[in-house]
Amino acid sequence: MRPIGLNLLRSRKMGTQEMIVFLIFVALFAGFSVFLPGFLNANNIALLLQAVSVLGILSVAMGVIVIGGAIDLSIVALMAMSVAWTLQLINGGMPVPAALAIGLASVALVGLINGFLVAYVEIPPLFSTLATAGCIYGFGRFVLISQDTVYLPTNLGVIEELGKGRVFGVPMPVIVFAVIAAVVGLLLKYTKFGRFTYAAGDNRAAARITGVPVRPLIVAQFVLSAFIAFIAGLVQATAINSMNTRITDSLLVYEIILVVVLGGIGLSGGKGGIRNVVVGTLLIGTFLNGMTIMDIQFTTQNAIKGLILLTAIVIDQIVNPRDEQTSQQGDI
Amino acid sequence: MGTHFEADRRQSEGNLPFEWLTRLRYRRFSTQMVGEILSKQWADSLVPAASMVFVIILFMILAPGLFTAANLSDMGRQLGEFGLVSIGMMIVMIGGGVDLSVGSIFALGNLTALALTSIYDLPPLLVLPIVVCLCAFVGLINGILIGYFRLRAFLTTLVTLITVRALVDVLLLKFAVQISASFYDNPIWDFVGQGDVLGIPFSMVVLIVIAAITHVVLSRTRLGWHIMAVGGSRRSAFNTGIAVRRTICLTYVVSGALAGLAAFLYAARLGNSGSYPGVGMEIFALTAVIVGGTSLGGGRGSVAKAMMGSIIVLLINLGVVQMGLQSGSGQLFLGLVLLTAIAVDVRFVRNKDKILSRLYMSPTYFRLPAPSDPDDPSSPYAMNDRLRDVDLIGLSQLDGAEDVIFDADDNLYCGDRLGNIIRFDGPDYKTPKVFAHIGGHPLGLAFDREGVLYTCVGGMGLYRVYPDGRVEKATDQTNRTTFSIIDDSRMRLADDLDIAPDGRIFFSEATVRYDMENWPSDALESRGNGRLICYDPRDNSTRTIVRKRVFPNGVCVEPNGKSLLFAESWACRISRYWFDGDKAGQIEPVLENIIGYPDNINRASDGNYWMAIMGVRSPALDLALRMPSVRRRMALEVAPDEWLYPNINTGCVVKFTAEGKILETLWDRSAENHPMITSMREHKGYLYLGGILNNRIGRVRLPDADPDWTGPASYWGQR
């Protein structure tokens with residue numbers, strides 16, 4: 001027997017969770033605005049938006065994967081290493097377009113490998129992407145990149161605007177986030193690729209029997225999310241003038257999962273949409289910014305993040321209980 | 001049909017190209033051991049063992065400095081700590097989960113141990129339980145969330161990893177300076193960190209003890225079996241009444257406690273209050289466990305495998321450092337190793353049974369001369385229509401009466417596929433009723449002197465049914481063959497039996513390599529996989545008396561009480577085995593090159609014997625028996641439904657003398673009423689026919705037979 005409140009929550013499905021998260025965001029935002037001096041000024045808001053943009057872009061990429069029924073733990077490693085390599089190539093004298101092309105090609109390759117491992121070799125994505133994350137970082141540091149941190153070259157030109165520019169006072173990262181969110185949202189909603197993604201994420205076997213090319217589809221999702229991760233990395237690097245490969249070891253990837261799960265995209269796949277990502281990003285961004293302004297120690301912040309993620313997973317479990325009949329061996 | 005046999009005869013006379021070579025090859029070098037070794041539980045460990053040896057040799061060449069005495073001692077201590085964490089991870093993974101928080105728990109344990117010793121000056125023997133309990137408590141939190149709340153193991157332990165790591169960082173800020181400033185001097189503490197027992201590093205000793213305990217618990221106790229069962233199939237485990245949630249919760253507690261123990265050893269060894277202990281350890285442990293061959297998703301794994309995996313991972317880790325490679329290379333190699341191991345696990349280990357069942361079959365060379373042609377009127381097996389008009393008993397009420405038998409009161413008994421002994425009351429044999437329920441398919445039947453019905457039950461062994469219907473197991477195991485790889489002490493396919501005058505029961509086991517439903521595989525092998533077994537009810541002993549016979553089937557004790565006749569189905573022959581008297585232990589041929597596959601043998605009223613031929617040989621299969629590689633390819637590449645099977649749909653009944661001369665045959669040429677025969681009993685002037693694929697018992701009148709002769713009287717005398 002579940003408590004009545006939970007039944008209500010479940011009966012109204014996803015819309016409710018999105019709404020709740022949004023209301024919490026509004027309450028939090030209002031609370032911070034009132035009680036935190038310096039929260040509600042244009043500068044801080046711009047900073048907040050800029051800070052959450054990269055998180056948001058990465059969350060869109062992760063969102064696609066999660067809706068498709070998988071997860072990608074290598075996304076941060078991929079972002080860091082691909083962009084760091086690209087920057088190093090440019091620093092080494094390679095023309096910008098050529099370096100960008102190489103960067104894009106490399107992320108596409110990694111996306112293909114990730115997708116292949118999940119779709120064709122059928123390794124559970126949690127494990128395959130965990131392993132590829134190690135491989136990407138290890139390969140990058142071993143072969144490609146000599147320093148922990150690669151600084152931004154001076155000849156980037158218009159690319160630099162990705163992180164630093166403003167359009168009508170709105171920071172460019174926010175616009176990039178908005179554009180990517182819109183494009184991916186439309187892609188998911190109105191194209192065959194999108195509808196198939198939902199179908200395969202909801203029930204892979206059924207989708208396959210129906211004739212959906214599930215395996216190429218999964219590969220496509222990983223390639224798409226790899227491209228988005230590359231863009232996120234460019235935004236990040238140009239905004240802070242460097243790319244620190246050590247970001248791979250940070251908790252960023254868990255924050256991304258936090259955004260996705262908290263926003264209401266069930267980890268079992270096939271549910272939710274880009275709106276959930278946006279709402280989740282707003283809430284987490286506000287929260288992180290608030291904690292920073294409150295001068296909560298970094299380590300304590302991590303502990304709090306962990307607890308929130310735990311709460312999110314518990315709620316996800318209650319709202320989207322896993323089906324004993326369809327859950328697969330090794331689906332952990 | 002005639003031309004086929006003619007063609008076959010011609011072919012049989014000539015040899016196939018290099019047939020002598022094939023014969024030599026298969027007689028001398030049997031490949032059956034390959035499949036048998038691979039199907040052993042311990043065969044799973046061969047791959048990690050080989051990988052371990054490979055890695056050791058590799059680093060002996062690439063990084064010889066790794067294996068100096070000082071390094072080895074240090075490595076032993078590191079392995080002691082890391083091995084404990086891996087065992088914990090393995091237990092969780094066997095239970096179907098994963099524990100990513102071990103690294104953070106390890107860090108927490110390390111910090112706690114250091115703080116309690118250096119700052120609070122507690123004795124190590126008090127610190128140890130505190131640290132282990134604290135870490136077990138963190139494991140308990142994992143366990144409650146994952147076991148009881150059904151959360152996803154991966155993400156939940158990820159959260160614990162983050163949170164506990166954050167907690168450790170907070171505590172470090174508080175205590176790090178104090179810890180590094182104080183000096184803790186305690187002989188026990190130093191011994192834990194630096195001491196040796198009989199030259200073995202103390203950590204290593206702890207690991208060996210824990211590994212031994214874990215091995216026993218996992219493989220020999222109820223708790224271990226529960227963990228295996230839960231990991232193997234959660235739903236089935238739940239349905240059998242195992243406390244699934246508690247079991248899962250417990251695995252995380254154990255994992256946490258072991259990480260705590262490892263941290264205690266680590267703290268004593270290094271006294272390192274930095275922030276990096278335990279970072280990334282979860283990936284190392286995960287890799288070690290999977291490389292060792294423990295399956296993702298649970299149910300499969302062992303301590304030995306986890307240990308081998310730990311050695312491999314530790315060596316790679318230290319070896320890369322020793323070789324002085326750039327940072328990142330360790331992660332790259334470990335990532336690749338992890339990926340490969342998971343891919344092997346997912347693609348091969350899970351489908352192992354399917355692959356093995358096909359590799360298991362190992363056909364051998366077997367050549368029979370061309371059989372006599374039943375269409376030729378001069379053949380001793382010449383066809384006739386004597387079974388066309390058999391009376392049918394229990395039509396459509398029976399299912400698989402392999403054997404039929406009468407008791408001393410003229411009642412008819414047979415087995416059925418549902419695991420019952422069915423009885424028809426004489427003299428009209430109209431209504432079947434269940435006399436006893438055994439549970440497996442009863443094959444051969446025989447009454448002893450006291451009227452107890454003995455039966456060979458496929459897959460179960462030898463059972464007896466008392467006249468009141470009470471069922472009792474007589475025996476289901478015999479002495480194991482000394483050097484046999486498969487465990488042949490259990491009976492897989494007890495087939496037919498007969499009882500000697502002194503009460504000893506002789507029965508055949510058709511094959512020790514296959515279960516009853518896989519008899520076609522044994523036919524394709526056509527090797528001597530079967531045996532004769534003797535059960536002595538006087539002292540309740542069972543021993544194998546004859547081995548390596550080709551599908552021994554019917555058994556019939558001769559009236560002299562010293563010998564028995566037994567049929568070997570795929571070898572198409574009948575032999576006599578002397579179990580008593582001057583020739584005791586000898587086997588002599590009686591009837592060879594039969595036109596079909598002989599099944600049961602029983603006494604006839606005139607002192608001769610009846611034999612059932614369950615199916616007639618086909619030239620194609622006879623030829624295939626001379627070409628083992630063809631049958632092997634067939635088993636590997638063709639679906640079982642399409643295999644060349646021995647025909648067991650058309651056969652006949654043959655009467656033969658003790659010298660092996662064929663006297664008469666009974667056929668159903670039109671194959672309408674009773675073509676399929678596996679057994680027959682003569683009783684009061686009639687012959688009753690059983691067939692394992694039939695839904696009836698046949699009865700045919702024997703005009704020349706003694707109308708008063710009965711089986712029980714022949715065996716045990718008139719009452």
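So that the names make sense, note that chain A is the first sequence line, chain B the second, and so on, each numbered from 1. The shown structure was predicted, so the numbers you read here are calculated from the model rather than taken from an experiment.
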Would you give the length of the straight line joining atom [atom1] of [X] to atom [atom2] of [Y], rounded to the nearest 0.5 angstrom?
X: E122(A); Y: I342(B); atom1: CD; atom2: CD1; answer: 14.0 Å
X: R152(B); Y: I71(A); atom1: CZ; atom2: CD1; answer: 8.0 Å
X: L336(B); Y: C135(A); atom1: CG; atom2: SG; answer: 4.0 Å

> For N142(B), which residues count as a side chain to side chain donor-acceptor pair (under 3.5 Å) partner, sequence neighbours excluded?
Replying inline: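 Listed in chain order: S101(B), T160(B).
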>> Is there a side-chain contact between L310(A) and T163(B) in this structure, where contact means two heavy atoms from C-beta onward sitting under 4.5 Å apart?
In response: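 Sidechains of T163(B) and L310(A): no contact.
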>> What I'd like to find out is whether the side chain of L155(B) reaches to under 4.5 Å of the side chain of V261(A), using heavy atoms alone.
In response: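 No, every pair of side-chain atoms sits at 4.5 Å or beyond.
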More than 12 heavy atoms from other groups under 6.0 Å of [atom1] on [X]:
X: Y120(A); atom1: OH; result: yes
X: R208(A); atom1: CZ; result: no
X: F175(B); atom1: CZ; result: yes
X: F139(A); atom1: CZ; result: no

> Taking every heavy-atom pair that is under 4.5 Å apart, which of A131(A), S128(A), G140(A) has the most such pairs with chain B?
Replying inline: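 Ranked by heavy-atom pairs under 4.5 Å with chain B, first place is A131(A).
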> Side chain, backbone, both or neither: which part of I283(B) has a non-hydrogen atom closer than 4.5 Å to chain A?
Replying inline: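 Only the side chain of I283(B) comes within 4.5 Å of chain A.
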>> Tell me which pairs pass ring pair (Phe, Tyr, Trp, His ring centres under 6.0 Å) where either residue lies in residues 226-251 of chain B, with sequence neighbours left out.
In response: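 Pairs touching residues 226-251 of chain B that pass the test: none.
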>> If the test is side-chain contact (heavy atoms from CB on, under 4.5 Å), which one of I113(A), I123(A), L130(A) qualifies with L339(B)?
In response: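 Among the candidates, only I123(A) passes.
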>> Is there a side chain to side chain contact (heavy atoms under 4.5 Å, CB included) between V98(B) and F127(A)? Walk through the geometry before answering.
In response: CA-CA 11 Å; V98(B) 67; F127(A) 291 98; 4.3 Å; yes
> Should F142(A) and V320(B) be marked as a side chain to side chain contact (heavy atoms under 4.5 Å, CB included) after you check the CA-CA gap, both sets of side-chain angles, and the distance that decides it?
Replying inline: CA-CA 12 Å; F142(A) 186 36; V320(B) 166; over 6 Å; no
> L117(A) versus chain B, heavy atoms under 4.5 Å apart: side chain, backbone, both or neither?
Replying inline: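 Contact with chain B is through the side chain of L117(A) alone.
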> Any idea which heavy atoms bring V121(A) and A343(B) closest together, and the distance?
Replying inline: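 In this case the closest contact between V121(A) and A343(B) is CG1-CB, 3.9 Å.
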